[in-house]
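Below is one structure, written out as structure tokens; the observations come after it.
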Amino acid sequence: MIKVSHLSYSYPGNSHPTLEDISFEVKDSEVIALVGQNGSGKSTIGRLIAGILKLQKGSVQIDDRIYSKSDGLRGNVGIVFQNPENQIIFNRIDDEISFALGDLASNEIEQRIQNSLKQVGMNEFRNQDLYSLSLGQKQRIVLAEALARRPKYLILDEPTTMIDSQGKEKIYQLIRKLKDDGYTIICITNLADEILMADRTLILHQGKIVAKIKRTELVQKSNLFLKYGIHLPTLLQILIGMEERGIELSLKDYTIAELLNNVEKKIKHGC
């Protein structure tokens, strides 16, 4: 469990705080989406939870430990940023992943490299130079590096922003698998389709949480996304249109093709 309590933060030189009195909880094995326009403070929240930024006001509780000041990086929290090239240090994949593992025994490091690469589907690329890989492949290596530390919690800070559509889909598949495997994930995003992978979505606006929306409430509260300038996922737009026409469908992990197939069945059977 992660519990954020009354978190406020100001960057030096800014006339207004980036975050004001932020409080929320993330349950174990839950996926939370933090959304908001640029400058809303969502990435700052991720960095404060991970221990990259020093806490100024408020606290972060991770399981039974409460942090009210800077204690360095949290060992059970992994974080991945939007540009993998800003996180990569080495050219060899083994060097990159083992660097995150500190002074573990060599056999343990080898096992963790194998397991983490398998988790992200990158085993076959192990002997390639990192800088020869695509951005999407690099991002999966960076995620493997985070997973090798065996964190309980993952913070994904706009992990697909710089990746092409094929690479995005691979990351989405991986996030769904990690969710099924019991990881607790905070996904910081500006991309509408990533909202659909979350159990709950928190909307940030000018440093404050202005809405907390459960997955089951996405259709009913879709106006809140529009109010705060957040583009609706295509799938959600279709569901809203169907509901306006009297066709109600539950929000599941549909692809658009699967959704349209279900709509067709509803129509054939008279809804």
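For reference, positions follow the sequence shown, starting with 1.
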Would you call K214 and D199 a salt bridge, using N to O less than 4.0 angstrom? no
Using modelled atom types only, decide if a donor and an acceptor are shared between the side chain of Q114 and the backbone of Q111 within a distance under 3.5 Å. no
Provide the closest heavy-atom pair for S98 versus I113 in the form atom of the first, atom of the second, distance. CB-CD1, 4.3 Å
With a 3.5 Å distance limit and no angle check, can you tell me whether Q237 reaches the backbone of L232 through a side-chain donor-acceptor pair? yes
Rounded to the nearest 0.5 Å, the NZ atom of K42 sits from the CG atom of L19 at a distance of 11.5 Å
Can you tell me if K57 has over 12 outside heavy atoms packed within less than 6.0 Å of its NZ? no
How close do L224 and A211 get, heavy atom to heavy atom, and via which atoms? CD1-CB, 3.9 Å
Residues D181, K177: salt bridge by 4.0 Å N-O rule: yes
Can you see which heavy atom on F90 is nearest to which on E96, and at what distance? N-OE1, 2.8 Å
Shared ILVMFWY cluster between L104 and L147, side chains joined below 4.5 angstrom? yes
Working to the nearest 0.5 Å, report the span between CD of E158 and CG of L34. 10.5 Å
Flag side-chain contact, heavy atom, 4.5 Å: I203 against I209: no
Would you say that I155 contacts I188 through its side chain, given a criterion of any heavy-atom pair below 4.5 Å between the two side chains? yes
Would a 4.5 Å heavy-atom cut-off, applied to side chains only, mark P159 and Q139 as touching? yes
Note: Y183 and Q119 closest approach over all heavy atoms is OH-NE2, 3.2 Å
Side chains of I49 and Y67: closer than 4.5 Å at any heavy-atom pair? no
Path from F225 to V210 over hydrophobic side-chain contacts below 4.5 Å: yes
Looking at Y153, I'd like to know if the NZ or CZ of R74 sits under 6.0 Å from its six-membered ring centre while staying within 45 degrees of the ring's axis. no
Trace of the side chain to side chain contact (heavy atoms under 4.5 Å, CB included) decision for R150 with N115: CA-CA 10 Å; R150 295 183 179 171; N115 290 343; 4.2 Å; yes
Around atom NZ of K212, are there more than 12 heavy atoms from other residues, nucleotides or ligands closer than 6.0 Å? yes
For the backbone of H205 and the side chain of S40, can you confirm whether one donor and one acceptor N or O come within less than 3.5 Å of each other? no
Can you tell me how far apart CG (D129) and CG (N91) are? Round to the nearest 0.5 Å. 4.0 Å
Value for CG (L135) from CG (D164), rounded to nearest 0.5 Å, stands at 8.5 Å
Treating S8 as the side-chain partner and D21 as the backbone partner, does any N or O pair qualify as donor plus acceptor under 3.5 Å? yes
Student check: side-chain heavy atoms of L204 and V35 closer than 4.5 Å: no
With no hydrogens and no angle check, is any side-chain donor or acceptor of R140 less than 3.5 Å from a backbone partner on V120? yes
Evaluate I89 against D95 for side chain to side chain contact (heavy atoms under 4.5 Å, CB included), listing each step before the verdict. CA-CA 9 Å; I89 301 173; D95 292 339; over 6 Å; no
Test log, rule side chain to side chain contact (heavy atoms under 4.5 Å, CB included), inputs L48 and L55: CA-CA 6 Å; L48 288 167; L55 293 167; 4.0 Å; yes
In this structure, are over 12 heavy atoms from other groups packed under 6.0 Å from E108 atom CD? yes
Could you check V4 against S23 for side chain to side chain contact (heavy atoms under 4.5 Å, CB included), going step by step and ending with a plain yes or no? CA-CA 5 Å; V4 173; S23 295; 5.7 Å; no
Are the side chains of V142 and I88 in touch, meaning some heavy atoms are under 4.5 Å apart? yes
Strictly by modelled atom types, are D157 and S43 linked by a side-chain donor-acceptor pair under 3.5 Å? yes
If we only count heavy atoms from C-beta on, is the T160 to E194 side-chain gap below 4.5 Å? yes
Identify the heavy atoms of A148 and I97 that sit nearest to each other, and give their distance. CB-CG2, 3.6 Å
Are the side chains of R215 and R200 in contact, using a 4.5 Å heavy-atom criterion? no
Using the rule that two of Ile, Leu, Val, Met, Phe, Trp, Tyr join whenever any of their side-chain heavy atoms come within less than 4.5 Å, decide whether L117 and Y131 are in one cluster. yes
From I141 CD1 over to Q87 CD, what is the distance, rounded to the nearest 0.5 angstrom? 12.5 Å
So does Y11 have more than 12 non-hydrogen atoms from other groups sitting under 6.0 Å from OH? yes
Pick from D63, N76, T184: which one makes a side chain to side chain donor-acceptor pair (under 3.5 Å) with K152? D63
Please find the pair of heavy atoms, one from Y9 and one from L53, that lie closest to each other, and give the distance. OH-CD2, 3.8 Å
Measure the spacing between OG of S222 and CD1 of I240 and express it to the nearest 0.5 Å. 3.5 Å
